[in-house]
2 protein chains.
Amino acid sequence: MTNQERRDSTRTRILASARDRFTSAGFDATSVADICAASGVSKGAFYHHFPSKQAVFVALLERWIAELDESVQSAAARNEPVPRRLENLAGLVGQVSELGSGQIPMFLEFWRQASKDPDVWRLTIDPYRRFREAFAALIQEGIEEGSLRPVDPDAAALVLVSTGVGLVLQGALNPAEPRLPDAGGQAVRMLLGGLEKEASHES
Amino acid sequence: MTNQERRDSTRTRILASARDRFTSAGFDATSVADICAASGVSKGAFYHHFPSKQAVFVALLERWIAELDESVQSAAARNEPVPRRLENLAGLVGQVSELGSGQIPMFLEFWRQASKDPDVWRLTIDPYRRFREAFAALIQEGIEEGSLRPVDPDAAALVLVSTGVGLVLQGALNPAEPRLPDAGGQAVRMLLGGLEKEASHES
DNA sequence: TTATATAAACCGACCGGTCGGTCGGTATGA
DNA sequence: TCATACCGACCGACCGGTCGGTTTATATAA
């Protein structure tokens, strides 16, 4: 094995094991020795590749955000009417919830660390803001193309993103919930169509 | 001071300090010694009143849930049309976010512990289910009284509660967000009225 | 191709320090 | 007199991180 292969292999194994352990036991309760044992790597090798336990956490967070970013971009960019694109985005909720439902406690872990560690906070809050801006732009576009009512795009984006986050979190706590896979779609459809019977607004 | 007074005073001081420390530093990062120092209580006294650190956490969680339960019950029970009552409930989001905004990291702490500790999990999931059932009943009532469209009450309740949770969490991460105080109301109004321009549904 | 030198990857015993919880004893209200 | 409340030194376990030393790949020269 070349040095480069060794390096990649070891780093990958450390990250994978760390993600597993962080997910099932949490950041604090996972010791570096745990990660080493789970990945078949010595402590020396661990600290050869990462300066601290926290650094591994941040690396995982960055990867997670990059993936999510890509998913959102690709789901939002399709050339369709805005309501349809919103429904596509809603599908992400189910996707995130499923795609290793074990990943979701990790999501919680990110969030909790963010409220304590300024670095993690910035890493978390930035993409969050990006999401909201993307949603706001999408809604603005919908208003201009005439498919959405003239609401405040920023406020609507806040609500949409919050609903998504809430649904994912609900999935974290209650993975058995059968309604989850389509909950995102349901939510968007409700937001689009409204719950109230009398349609108090006309074109 | 009578024994009873001493007992109450000590327990109260421990709980208050524990809440402060858990909120600002998190459960794991708070040592029993921290709590003792902050509350002016010896370690012996601490373990005289609580069998473990976890027990203090659970006691705090129970108190928090009881408060929230009461708020929800009283906000939902008013004798008004369902949409109005939903808006009242939305006000709770702002209330929870404000009422000691420092409390919200604690909320995160509850959630994270719930995904690891079965006892905490049950304590958290039960009221959660109660909330959803209360919302579902409320929506059912709205459908029957004719003020809401005939949607699936359970699905709608899931969406409503998720949105609330998401908003609170958003507040936890970004306390400065100026839109938050009314975000709950905004969300409910959007859900009621719908975002889509063409009212595709008639009575 | 083989020998050698250098650096990168890896090893695991060890250290300083912390933490949850214990326990034998003391003070105080009933 | 008795039980309840309280005290704080202490214990064993564990943890993040270090460090001196070993193995393995690779670049270079013979």
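Values below: all heavy atoms of this structure, side chains included; hydrogens, waters and symmetry mates excluded.
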*Spacing of CD belonging to B:Gln113 relative to CZ belonging to B:Phe57, to within rounding of 0.5 Å*: 4.5 Å
*Distance in angstrom units between A:Arg11 CZ and C:dA8 P, rounded*: 15 Å
*If the sugar-phosphate is the primed atoms plus P, OP1 and OP2 and the base is the rest, what is the B/S/- string for nucleotides 17-30 of chain C, using protein heavy atoms under 4.0 Å?*
--SBBB------SS
*Tell me whether the OP1 or OP2 atom of D:dA5 has a side-chain N or O from B:Thr10 closer than 4.0 Å.*
no
_To the closest 0.5 Å, what do you measure between OG1 (A:Thr124) and CH2 (A:Trp64)?_
9.0 Å
*Kindly check if the number of other-residue, nucleotide or ligand heavy atoms within 6.0 Å of CZ (B:Arg130) is above 12?*
yes
*asked:* Just N and O in the side chain of A:His48: are any of them under 4.0 Å from OP1 or OP2 of C:dC11?
replied: no
*Give a yes/no answer on whether the side chain of B:His49 brings an N or O atom under 4.0 Å of OP1 or OP2 in D:dC6.*
yes
*Note: B:Arg132-B:Asp154 ion pair, threshold 4.0 Å (strictly below)*: no
*To the nearest 0.5 Å, how far apart are CD1 in B:Ile65 and CG in B:Leu68?*
8.0 Å
_Distance, nearest 0.5 Å, that separates CG of A:Leu15 from CZ of A:Arg19_ = 9.0 Å
*Nearest-Å distance, CZ (A:Arg13) to C1' (C:dC10)?*
11 Å
